[in-house]
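Okay, so here's the structure we're looking at.
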Amino acid sequence: QVQLVESGGGLVQAGGSLRLSCAASGRTFSMNAMGWFRQAPGKEREFVAAINWSSDSTYYADSVKGRFIISKYNAKNTVFLQMNSLKPEDTAVYYCAGRRGVTSLVTARSYDYWGQGTQVTVSS
């Protein structure tokens, strides 16, 4: 099993920045990619960004491209999401996820492990 723990959420004004962290523990070698998803009240969980663990290839939702950056620190099995130029519409609970298989990185059902989520609130 793999455990994922997010941190770094909070309240920020529009235009500000936050950095989310996700620390993985357990059988982390079973994962080949990690991603970030978010869910706003009354909405479905949506893809934000993902990174391939071996190739370092990154993927972003159009809504965050150019503003968010996903990165990883292999030695600590940690993934980061640097969020810049935040907008009120970025307000959501952000979830870290880990994938074992080879199905689409942008689809939530492709991921096998999930963190508990961290709240990000952007005020206007």
Side-chain angles (χ1 to χ4, degrees):
Q1 276 290 9
V2 172
Q3 294 77 43
L4 303 175
V5 178
E6 303 99 335
S7 61
L11 173 65
V12 64
Q13 287 189 330
S17 298
L18 280 175
R19 189 174 86 152
L20 305 183
S21 300
C22 175
S25 61
R27 298 171 64 88
T28 57
F29 59 84
S30 66
M31 297 190 297
N32 55 46
M34 292 184 71
W36 287 94
F37 287 76
R38 66 187 181 187
Q39 188 165 19
K43 294 188 176 182
E44 292 187 357
R45 191 168 298 191
E46 65 173 0
F47 170 75
V48 176
I51 186 165
N52 184 292
W53 208 255
S54 58
S55 71
D56 288 345
S57 296
T58 56
Y59 308 84
Y60 297 93
D62 288 343
S63 59
V64 306
K65 203 170 293 183
R67 299 188 297 124
F68 291 10
I69 301 171
I70 187 170
S71 61
K72 61 181 176 67
Y73 181 23
N74 288 359
K76 294 290 187 181
N77 290 318
T78 300
V79 172
F80 304 98
L81 185 68
Q82 177 67 43
M83 305 186 295
N84 302 318
S85 302
L86 283 161
K87 305 175 181 179
E89 51 263 44
D90 294 318
T91 295
V93 177
Y94 283 70
Y95 296 91
C96 173
R99 188 192 75 169
R100 294 184 305 180
V102 294
T103 48
S104 172
L105 280 168
V106 305
T107 304
R109 63 177 179 269
S110 296
Y111 291 79
D112 304 280
Y113 308 109
W114 291 86
Q116 80 288 352
T118 185
Q119 177 70 47
V120 171
T121 303
V122 184
S123 63
S124 56

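Model, not experiment: these values are computed from the prediction.
Counting only heavy atoms from C-beta outward, the side chains of F80 and K72 never approach each other to under 4.5 Å. In this structure, the side chains of R38 and V93 stay at 4.5 Å or more apart for every pair of heavy atoms.
Between the S30 side chain and the R27 main chain, a donor and an acceptor come within less than 3.5 Å of each other. The closest donor-acceptor contact from the side chain of E6 to the backbone of C96 lies under 3.5 Å. Under a 3.5 Å cut-off, the side chain of Y111 and the backbone N or O of L105 do form a donor-acceptor pair. The main-chain N or O of V122 is found under 3.5 Å from a side-chain atom of T91 such that the two form a donor-acceptor pair. Side-chain atoms of R67 come within 3.5 Å of backbone N or O of S85 as a donor-acceptor pair. With Q1 contributing its side chain and G26 its backbone, the two residues share no donor-acceptor pair below 3.5 Å. Between the S55 side chain and the S57 main chain, a donor and an acceptor come within less than 3.5 Å of each other.
A donor-acceptor pair shorter than 3.5 Å cannot be found between the side chains of D56 and T58. In the model, R100 has no side-chain atom that pairs as donor or acceptor with a side-chain atom of N32 under 3.5 Å.
Taking each heavy atom of A40 and A92 in turn, the nearest pair found is N-CB, 3.8 Å. Between G101 and D112, the closest heavy-atom pair is N-OD2, 4.0 Å. Nearest heavy-atom pair across V79 and W36 is CG1-NE1, 3.4 Å. When all heavy atoms are compared, the tightest approach of F68 to Y60 is O-CE2, 3.2 Å. The nearest pair of heavy atoms linking G98 to M31 is CA-SD, 3.5 Å. What you find for R99 and S110 is that their closest heavy atoms are CG-O, 3.1 Å.
Geometric assessment of R45 against the ring of W114 yields a positive cation-pi assignment under the 6.0 Å and 45° thresholds.
Hydrophobic clustering, with ILVMFWY side chains joined whenever heavy atoms are under 4.5 angstrom apart, keeps I69 apart from V106.
Exactly one of Y95, F47, Y94 qualifies for a ring-ring contact (aromatic ring centres under 6.0 Å, His included) with F37. That residue is F47.
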Between side-chain atoms of residues 8-21 and protein atoms elsewhere (two or more places apart, or another chain), which donor-acceptor pairs fall under 3.5 Å?
from: S17; atom 1: OG; to: N84; atom 2: OD1; distance (Å): 3.0

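L81 contributes atom CG, which lies 6.5 Å from atom CD1 of I70 (distance to the nearest 0.5 angstrom).
Salt bridge status for K87 with D90: absent, with no side-chain N to carboxylate O gap under 4.0 Å.
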